[in-house]
Structures are given as structure tokens and as C-alpha cells.
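For the numbers below, each heavy atom of this structure counts, side chains included, while hydrogens, waters and symmetry mates do not. Computed from a predicted structure; not experimentally measured.
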Amino acid sequence: MSSKVTPDSGSDPKGFWSWLVTNKIYQSVFGFLLGTPKRQFFLLAFIPIFWALFANLGPLLKMLDISFYEAYPLSVGKESSYSLAAWSEFFQSRVYYIPFFRTLAFSAALTFSALILTYPVAYFLARHVPQNRQMFFLLIVLIPFWVGEIIRTYAIMILLGNNGAVNIVLKFFGLIEQPIPFMYTSFSLSFGIVYLVSLYMLLPLYSSLEKIPSNMNEAAADLGAGAWRRFWKITLPLSKDGITAGCVLVFLISTGFYATPVILGGPSSTLFSEVIANTFSVAADRWPSGAAFSSIMLITTLTLAAVFLKIMGRGGKGLLK
Amino acid sequence: MTRHTRLIMQMIYWAFVLYLFIPLSLMILMGFKDSNFIGFPIKSLTLDWYVGVIQDMEILSIFGYSFTIAISSTAIALVIGTWAAMLLTKASFKGKVILFALITLPAVVPGIISAISLRIYSQTLGIDPGMMAVILGHAVHSVPFVTLVSMARLNSQPLSHVEAAQDLGADKLVTFFRITLPYLVPALIGAGIFCMLTSFDDFVRSFFLGGYEPTLPVYIFAQLRTGMSPEINAISAVVLLITAVMGLTAERLLRRK
């Protein structure tokens, strides 16, 4: 088709493409590569499969591998030997398993709090705001979430500190004499994490609530169902997908925070991420412990998430046709 | 629903907005405070902290470093993510579901574990902590997002465009670059800006994979551990402004049909 086109300098995109496809080297290289469906598939599949195996799966498998090492990084001239020491260490000390269970319970509680906090907001956005203004109302709540973890954590410090806004307001109204020590407690930590994660709950809730056709509610109302009954029988069941997705997302994200517990938490609210991090920064030769702890946490959180998804009956392969 | 419930819902929404904005507004306000001490009361205001940030070469170079990492990791994520999305939408093969799960795996791995595993992995590969490791770490985290956004867009691409191009004699590669890629561009720009934001905001991966040179969040974290100062507020406020502008741009591009 392009045999009549004269090759030109390549500045004009049309010229470039016809130059390219009439180029001898291109024709022979890609004529070969695209020659059979098998080769075409290889060209399409090689890089994604390579990435999936070496960038996504590789680090996790290597972490699992290192967790069975006796010591890592290896000192010069030493052979590596396998041992279960790092795994059994976890079960031997309260310093390790208490923060672990605390993290799970804490994340579950925060997930539930975020659900209660954002459900009315999502409901309002999806059902009460006119369609053409929903985007605007949604954007208002989106903006704060584009700011990173550290900066928002810092903002919470300013809010809750001894000279922070909350204490000043309480003092101004004469409700307290001495500032309430909010900071470095489970309270400041939960407040901070809910502040960080509530968007990941809000968005799935909003998108599932928005999909419920309004005539279902109207029909139920015509048949005499009251507002509460309509909510329990129609809206809540139909927003189940959003609730499930939001809960899994928020749970997984909140178990993974590291800077926030360091900044906002105190000694009585140490989370497992801090325990893991300490095996890397304090003593460099405890990598196998850190790897084992991370593996325990990853396996537990993903299993819990999978069980939850199974209970709620949701697969999530919508994008794969 | 009655007028009453509607009003209550509206109040809950605005209360939520206040909850989100009050801490950030206080943070911006503190950046104008004419004192070294963070907290109330604020007696007088000054622009010194903001002027200081713009003139501080160290902070500007940290901004530059963070941007370099954001742009490089986003570029990698866009290429790999689009490639994976093409494979997952255009080809049919055994194990597609498994590959989809593997490609999107980093999206469900909690942050600290992702950081630790990448730290171990880069060590065994001989990549020292530093810029290269951070870029790769951020790219790993961003690929699932690009893949999902591109897949959504590719699923809505009219098949007739591709068929027309191939009827006219274009091979698969030319069809991709001249038909499919232009169709993907708005989604890719939107996704790219979000990847840049995630990279720019990321703390945990930058902290564990980084060398001596800090990215912006790592720098702020280090400063916070020695004490609060209005300088951090001013830096944070500048970052907030940049992210808000970038985010709004990305949102416009992603929502465009």
C-alpha cells in the first residue's frame, strides 16, 4: 500500500511511518518477529511475564528464602545454611507476637470505623447530589488525599498536640485546665490512620451506591416500605460489593503503615511494621528475622482478605473478558 | 427520603469535608507563624518560612531528586503497564487469570512488606540502596495501577478502528502505535500523573530503598524526629499546592470520555 510514498526526513509523523514500514531493516526484523501468531504472542507476552515473575513475585519469594537463612547478609567467606530459627523466634517472645495481633485487631477496628464514617458520606454523594454536580462534590474530598502519608500525619500532629488546635479550643471554652495528652497514644494513631485511609473506603462505596437504580427505591416506597426498611432491604445489600472492596483495601493498607505509627504512636501502641523495620535498622544481621516476620504478616493478611472475599462472595475479575 | 434525612446527610458530608481540611489548613497556617515554636496561639504572621524554602538550595535539590525519581519510575510503569494491559486484553491464552493476579499483586501487598522484600531483593541482585533501587521500587508499585487503567480503556476501544487499520495493510506494531496508543493517551497521562504523585508522596519504599540522599517525604520524616518547625509546614504547604494541581489535572484527563 505504501510503495509509492517517498521516504522523507521523518519530521512529519506520516512521513516517518511510511518511511519506517518501507525500510528494509524494519521489514526484515519485524517481518520475522510478527511472522507467525506464536512469535507475535511472544513479543507481546515476554516483557509482562518477565516483569510479573522478576519484579512482582521475585522479591516476595526471595524474602521467603532469606527467612530460612541462618544469617544474612553473609559475612565474607561464610557459607549460608538453612534454619528455622527466624520463624520460631516470632512465637517465642511477646515483643513480637503481641504487636502482630495488635496490628490485626487494630486494622480490623479501623477498617470498621472508616466504613461507619464514610458510608453516610458516600450515600449522600451518590444518592442526594444531582448527577452533574457529583464530580465537584467528590473532588472536594479527593484533594486532601493526594497529599502524602507524611504530610498528613504531620497535620494530625499539629491538630492533636499539647499546644494543638483541639486543646486550645477546649481550653478557650474553659472545658479543660491542662492540655489532654492525645499524642503518642492509640487514640492519636487510630485518628491518624483513619484520616489517611478513609478515601479508600469512600470511593468503592460511592461507586457501588451510585450504580443502584433509583427506581428500585421508588418501587419499594410505593409498596409501602419505610425509609429504614428500604435501606436494610435494598440499599445495603446492593452496596455489598463496595463494602467488601473498601474493607479489604483499607485493611491491607492500614497493616502496611510504618511512618505513621512511628510518628503518632507510643510505646503501648507499637505496631508490627515497627517490629519488622527494627530488624533492619538496629542490627543489620537480623534480616532473616525481618524476612520471616514479613512473610508471616503477608500470608496472614492475604489469607484474611481472601477469606473475607470468599464469605462476601466476590471474585473481582470484571476487567478480564 | 424526607427533607429531614437529606439535610442530616448534607451536614454529615460537610462535617467530613471539615474533618479532612481542618488539619491541612492548620498546617498551612502554621507555616506563616512568626516564631520557631509550633502551636497556638499565633501572635504575628510572616512570609519568611516560605521565602526560606524557595531560597534553600538543599530543599530545592531534594525536590529535584524526588521529581527525577517520580518521572523515571512513572516512565517505566507506563511502558510495562500498557504492555501488560495489551497482553491481558488482546490475547487469549492459558493462565491469563494467574498472570493478571501476578501483575496486580503489588497493589495488595502491604507497604512495609513491599519495601522490605524489595530491599532484600535489591541486595541479592547487587543493587545498592539509592536512586536506582528507589526508582525500581516505585515502578513495581505503580505498574498495577497503569495496567488496570489501561485495561479499562482498552476494553472500551471500538474494534472497528483496529480492523480498519489492518485492512489498510498496517501490521500489528504500526496499528498499535498509530491507532491503539493514541486512543490510550488520555488515560495514560492521567494514570502517569497519579503514578508521579504516588512516587512523590511515597515514604516507606523510599525510606528502605534509599541511600544517603533523601526524597522529600524521607527528609520531612527525619526533620520531624528532631522536632517540629514552621519550615516543615512551609515545605508541606508547597507540596500540597503542587499535588493538588497535578491531581486535578489527572482527574480531568481520566474522567474524559
Side-chain angles (χ1 to χ4, degrees), chain A residues 1 17 21 30 34 40-41 44-45 47-48 51-52 55-60 62-63 66 73 120-121 123-124 128 139-141 143-144 146-151 154-156 158-159 161 163-165 168 227 252 255-259 263 273 276 287 290-291 294 297-298 301 317 319-321, chain B residues 1 6 9-10 12-13 16-17 20-21 23-24 26-27 30 38-40 80 83-84 86-87 91 96-97 99-100 102-103 105-106 108-113 116-118 120-121 123-124 140 151-152 168-169 171-174 178 197 201 203-204 217 220-221 224 236 239-240 243-244 247 251:
Chain A
M1 112 268 182
W17 288 106
V21 294
F30 283 94
L34 301 172
Q40 284 179 10
F41 178 74
L44 191 58
I47 293 286
W51 186 266
N56 292 354
L57 199 57
L60 298 177
K62 195 72 213 173
M63 179 175 80
I66 295 290
V121 179
Y123 188 90
F124 171 75
H128 286 297
L139 274 180
I140 294 179
V141 295
I143 291 168
W146 294 327
V147 189
E149 176 192 355
I150 294 286
I151 291 178
Y154 181 48
I156 295 295
I158 293 171
L159 184 75
N163 293 297
I168 293 296
L252 290 175
T255 54
F257 281 120
Y258 168 64
I263 297 173
S273 57
I276 293 175
W287 283 32
S294 301
M297 174 127 151
L298 182 67
T301 49
K317 289 161 199 159
L319 279 170
L320 283 177
K321 279 202 276 195
Chain B
M1 286 245 175
R6 196 196 146 88
M9 299 293 267
Q10 194 152 13
I12 293 176
Y13 170 80
F16 184 69
V17 170
L20 294 181
F21 275 90
L24 292 174
L26 288 173
M27 190 190 69
M30 284 289 174
I38 291 283
F40 290 92
I80 309 278
W83 210 316
M86 284 297 288
L87 175 67
K96 197 170 174 177
V97 177
L99 188 67
F100 178 71
L102 281 181
I103 288 279
L105 180 66
V108 296
V109 175
I112 180 79
I113 295 167
I116 294 294
S117 64
L118 286 164
I120 293 173
Y121 196 55
Q123 178 82 19
T124 57
V140 167
M151 282 176 78
L168 291 170
D171 63 35
K172 293 249 160 115
L173 199 74
V174 173
R178 300 208 60 189
L197 276 185
D201 286 341
F203 170 77
V204 73
I220 296 175
F221 179 77
L224 276 183
S236 307
V239 174
L240 196 133
T243 46
E251 198 62 44

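- For a residue to count as touching a neighbouring chain, one of its non-hydrogen atoms must lie under 4.5 Å from one of that chain's; by this rule I66(A) touches chain B with the side chain only.
- Remark: side-chain polar atoms of N56(A) are paired, donor with acceptor, to backbone N or O of L102(B) under 3.5 angstrom.
- For F16(B), the part lying under 4.5 angstrom from a heavy atom of chain A is the side chain only.
- In this structure, the portion of L139(A) lying under 4.5 Å from any heavy atom of chain B is its side chain and not its backbone.
- Remark: T255(A) OG1 to I112(B) CD1 distance equals 10.5 Å, nearest 0.5 Å.
- Proximity to chain A is limited to the side chain of L197(B), based on heavy atoms less than 4.5 angstrom apart.
- Of the two parts of L24(B), the backbone and the side chain both hold a non-hydrogen atom closer than 4.5 Å to a non-hydrogen atom of chain A.
- For a residue to count as touching a neighbouring chain, one of its non-hydrogen atoms must lie under 4.5 Å from one of that chain's; by this rule W51(A) touches chain B with the side chain only.
- Annotation: maximal heavy-atom pairing with chain A below 4.5 Å, among L240(B), I116(B), V17(B), occurs at I116(B).
- Aromatic ring orientation, F203(B) versus F221(B): tilted (interplanar angle from 30° to 60°).
- Both the backbone and the side chain of L252(A) come within contact range of chain B, judged by heavy atoms closer than 4.5 Å.
- Of the two parts of I143(A), only the side chain, counted from C-beta on, holds a non-hydrogen atom closer than 4.5 Å to a non-hydrogen atom of chain B.
- Contacts of S273(A) with chain B are made by both backbone and side-chain atoms, with heavy-atom separations under 4.5 Å.
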